[in-house]
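In what follows, a structure is listed as structure tokens, so that the remarks can point back to it.
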There are 2 protein chains.
Amino acid sequence: MSHPARPPETRPTERLGRRLASGTAIYQAGDNGLAWRLQRGVVRLDSVGRDGEWQFASLAIAGDILGCETLLLGSYAFSASALTDCSLSPWPEGAPALAGESLLASLATAQRRAADVVALRGGQAAERVLGLIRLLADAGGRVVLPSRQDIADITDLRFETISRIISNLQRENLLTPLRVAGVHATRSFQMHCPPA
Amino acid sequence: MSHPARPPETRPTERLGRRLASGTAIYQAGDNGLAWRLQRGVVRLDSVGRDGEWQFASLAIAGDILGCETLLLGSYAFSASALTDCSLSPWPEGAPALAGESLLASLATAQRRAADVVALRGGQAAERVLGLIRLLADAGGRVVLPSRQDIADITDLRFETISRIISNLQRENLLTPLRVAGVHATRSFQMHCPPA
DNA sequence: CGAGCACTTGATCTATGTCAACGGTAGTGG
DNA sequence: CCACTACCGTTGACATAGATCAAGTGCTCG
């Protein structure tokens, strides 16, 4: 529909307890595999049309469960890729029994997360981007953002618009780029606005 | 944010196995209650901000489970209201044991539904509305739509825009209003486009 | 009968999309 | 080391989809 196909960048699967660099594919819709807990980072989930185009479907952030559906269906329903550096560990932890309790908990957070994502696609452009930044910021207001294009896919805006909005936020001192190796990063920021 | 507060239209809760008219509130975020299976109709879920404004969060259609989170948290996380005439029955059916299997199934469909809703908020206006119509149509292409305003809230458009789009679809013969009591209905249609 | 509500349609405005040019950085191969 | 390419991000100029404002219709309910 409105979003461009993305080239699936594949890498060999590492052993359990994976670390993934920003941009790497984690799994593809239809693959067989495990469910994971996302320990750190941000993951994008896309649904895949019959003709293979990717369409942004949801977001997972640290603490979320990834690929639950594989426990029921045997294969992934979405394709997952890392928007920032990530680490994953197999889920469920400990006993392999499908503990009803932890399933319920993961269902509840999935619902909340879905509502958050829906909210990121409504209202004024600047509010949407700010909403995403708030969602991704840690308690101290530090954020590592996805690429402009990924932010655009998430918020249903264009990357030029995202670029302009982030420039404005810097101009208004709501966001200051962090220095990484002596230069201003384009993706790491300190946020200066109320976290809610 | 971008969406207006809606007046919560309350009604006394009926006994188990409920039928609800279009427009009625089903439950409010924070209430205690059961989980339900939606047997018929379309339900809107809103998250409620601290200041009480409602914000569209998700959609449930026939077959979906409503208010799962109450099993874990003891109270509803969202407010639910009927967008068309609905019927509900308590869930889980039969044994009160939290069957891991059916929980998983409901988690999987919740994820899919969330992805559908996200898709309804991206791309061209006419495509979004058509996407919603497809989602709500039965196998024969018959649909009972929510009000123009509710469609607008779901798709993040304005009700005037929805009205124009539906008028266009009729003009292009993709949609024909059904006759109800001799007059053209404004919400019941026959769809004439491919269901996928 | 009048009030309220949902819907329709027209005229105009504007936020965001689109197109284009350019700069910086990383990687690659000579 | 430099050239070269590819990719990502920034910024400007302009176009347009959809928002906004306004007026009017018809239905339902008291």
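Protein chains get the first letters and strands the later ones, always in sequence-line order, with residue 1 at the start of each. Note that this is a predicted model, so its numbers are computed, not measured.
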>> Return a single string for nucleotides 16-24 of chain C, one symbol per nucleotide in 5' to 3' order, where B is base contact, S is sugar-phosphate-only contact and - is none, cutoff 4.0 angstrom on heavy atoms.
In response: SSBB-----

> With sequence neighbours excluded, what pairs up with B:Arg164 under the side-chain contact (heavy atoms from CB on, under 4.5 Å) test?
Replying inline: B:Glu160

>> According to ring pair (Phe, Tyr, Trp, His ring centres under 6.0 Å), who are the partners of B:Tyr76, at least two apart in sequence or on a separate chain?
In response: B:Tyr27

> Side chains of B:Leu34 and B:Trp91: closer than 4.5 Å at any heavy-atom pair?
Replying inline: no

> C:dC7 C1' sits how many Å from B:Leu169 CG, rounded?
Replying inline: 16 Å

> Going by atom types only, do B:Gln190 and B:Thr176 share a side-chain donor-acceptor pair under 3.5 Å?
Replying inline: no

>> side-chain hydrogen bond (donor to acceptor under 3.5 Å, both in side chains) for A:Glu172 and A:Asn168? Distances and angles first, verdict last.
In response: CA-CA 6 Å; A:Glu172 300 163 19; A:Asn168 284 341; 5.2 Å; no

> Whole-Å distance between C:dC5 P and B:Gln149 CD?
Replying inline: 13 Å

> Any idea which heavy atoms bring A:Ala62 and A:Gln39 closest together, and the distance?
Replying inline: CB-O, 3.7 Å

> Of all nucleotides in DNA chain D with an atom under 4.0 Å from a non-hydrogen atom of chain A, which is the first and which the last going 5' to 3'?
Replying inline: D:dC8 to D:dA13

> Does a salt bridge link A:Asp150 with A:Arg44, judged by any charged N lying under 4.0 Å from a carboxylate O?
Replying inline: yes

> Rounded to whole angstroms, how far apart are NE2 on B:His184 and C1' on C:dT8?
Replying inline: 15 Å

> Roughly how many Å is it from CZ in B:Phe189 to C1' in C:dC7, rounded to a whole number?
Replying inline: 11 Å

>> According to a hydrophobic-cluster definition based on side-chain heavy atoms being under 4.5 Å apart (Ile, Leu, Val, Met, Phe, Trp, Tyr only), do A:Val144 and A:Leu174 belong together?
In response: no

> So if you build clusters from Ile, Leu, Val, Met, Phe, Trp, Tyr with side-chain heavy-atom gaps below 4.5 Å, do A:Ile65 and A:Leu72 land together?
Replying inline: yes

>> Enumerate the salt bridge (Lys or Arg N to Asp or Glu O under 4.0 Å) contacts for residues 57-80 of chain A, please, sequence neighbours excluded, ordered by first and then second residue.
In response: A:Asp64-A:Arg113

> Is any side-chain N or O of B:Arg187 closer than 4.0 Å to OP1 or OP2 of C:dC7?
Replying inline: yes

> In Å, rounded to the nearest 0.5 Å, how long is the span from CG of A:Leu107 to CG of B:Leu104?
Replying inline: 9.0 Å

>> Angle between the end axes of the helix from C:dC1-D:dG30 to C:dG30-D:dC1, five pairs per end, to the nearest 10 degrees?
In response: 40°

